[in-house]
Amino acid sequence: MSTAPIGGLSHSNRPVLAIEGLTVSFDGFKAVDDLNLYIDRNEVHVVIGPNGAGKTTLLDLICGKTKATSGSIQFKDIELTKMSEHQIVHSGVGRKFQTPSIYEALTVFENLEMSFPRGRGVFGALTFKRTQDVIDRVQQVAKDIFLTDYLDMTADLLSHGQKQWLEIGMLLMQEPELLMLDEPVAGMSVSEREKTAELLARISKGRSVVVIEHDMEFVKSIAHKVTVLHQGKLLAAGSMDAVQNDPKVIEVYLGH
Ligand code: ADP
Ligand code: MG
């Protein structure tokens with residue numbers, strides 16, 4: 001492979017994720033339509049837009065759950081549109097769905113442990129050795145997600161918000177470079193929202209975080225950059241301030 005020329009575009013100032021011309025058509029209906037989107041390292045990028053705008057479909061396309069009709073999704077040097085869901089996870093993309101998928105009967109520790117790359121899956125977790133590096137990693141992640149005091153508790157006893165954090169923790173165990181969260185604070189209390197904002201700021205260091213969110217106060221508190229989707233198309237992108245004052249955005253939101 002070629003290396004960047006001196007004075008040229010180096011690896012560090014290229015976007016981690018570059019989406020260009022991305023389109024998916026469901027029987028002629030374009031849920032995502034010729035979209036361009038760029039996300040940097042250390043960036044919390046929030047995607048907003050009215051219901052049906054294509055936000056969840058966009059995450060489905062990035063994680064390979066839905067295949068693009070056309071366009072490109074370049075993650076570092078990897079073209080994701082050509083890869084399977086499993087390969088995409090392996091390349092460093094983690095995605096949290098709206099409903100938590102934790103194992104309620106297992107403890108917080110066990111849930112995190114089984115997400116360690118070596119212990120993938122329930123059976124992996126039951127058979128693999130609990131080595132010190134796994135314990136250290138579980139403890140570090142538990143601290144990140146405010147669950148240090150809950151490691152021995154079964155997950156069914158956690159609050160709704162704590163379950164959401166646990167699922168984020170399970171993704172963090174795999175150290176993804178790109179983390180995608182679909183409405184992470186839905187159903188959370190005010191104090192849980194504040195802690196989640198703090199968590200997102202912390203975990204965006206050294207990686208990229210994409211968040212779909214409706215709660216504008218929350219968006220304001222976390223977003224480095226905002227993209228507004230409308231009917232599958234890019235309506236506006238930039239800082240929260242710029243986007244909020246964009247007449248096109250105001251019209252779409254007042255019109256709903
Ligand atoms: P959002 O998350 O912004 O609310 P979605 O991405 O879920 O919107 O959906 C965007 C549009 O695409 C909606 O009109 C939805 O009905 C449609 N859609 C999503 N997935 C499919 C699918 N698999 N087949 C057909 N239509 C779909
Ligand atoms: Mg959605």
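Atoms within a ligand are numbered from 1 in the order they appear, just like the ligands themselves.
- With hydrogens and angles left out, the side-chain atoms of Gln164 and Lys96 include a donor and acceptor closer than 3.5 Å.
- Protein heavy atoms are absent from the space less than 4.0 angstrom from atom 16 (O) of ligand 1.
- In terms of polar-atom proximity, defined here as any N/O pair under 3.5 Å, Gly52 does make such a contact with ligand 1.
- A salt bridge is absent between Glu167 and Lys163; no separation between the charged side-chain nitrogens and carboxylate oxygens falls under 4.0 Å.
- Panel note: side chain His45, backbone Val210; no donor-acceptor pair is recorded below 3.5 Å.
- Ligand 1 is approached by Gly54 to a heavy-atom distance shorter than 4.0 Å.
- Annotation: atom 7 (O) of ligand 1 to nearest protein heavy atom, Thr56 CB, 3.8 Å.
- Set against the non-hydrogen atoms of Ala53, the atoms of ligand 1 under 4.0 Å away are 1 (P), 3 (O), 8 (O).
- Per-residue contacts place Phe29 under 4.0 angstrom from the following atoms of ligand 1 (heavy atoms of the residue considered): 11 (C), 12 (O), 14 (O), 17 (C).
- Between Phe26 and ligand 1, no pair of N/O atoms sits closer than 3.5 Å.
- A donor-acceptor pair under 3.5 Å is formed between the side chain of Asp215 and the backbone N or O of Phe218.
- Contact annotation: Thr57 places no N, O or S atom under 2.8 Å from the Mg ion (ligand 2).
- From the protein, the heavy atom lying nearest to atom 6 (O) of ligand 1 is Thr57 OG1, 2.5 Å.
- Put simply, the side chain of Lys55 never gets that close to the backbone of Val47: no donor and acceptor are under 3.5 Å apart.
- Of the N and O atoms on the side chains of Gln174 and Ser115, not one donor lies less than 3.5 Å from an acceptor on the other residue.
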- Residues Glu177, Lys76; criterion salt bridge (Lys or Arg N to Asp or Glu O under 4.0 Å); working and verdict: CA-CA 10 Å; Glu177 281 182 65; Lys76 300 181 292 178; 2.7 Å; yes
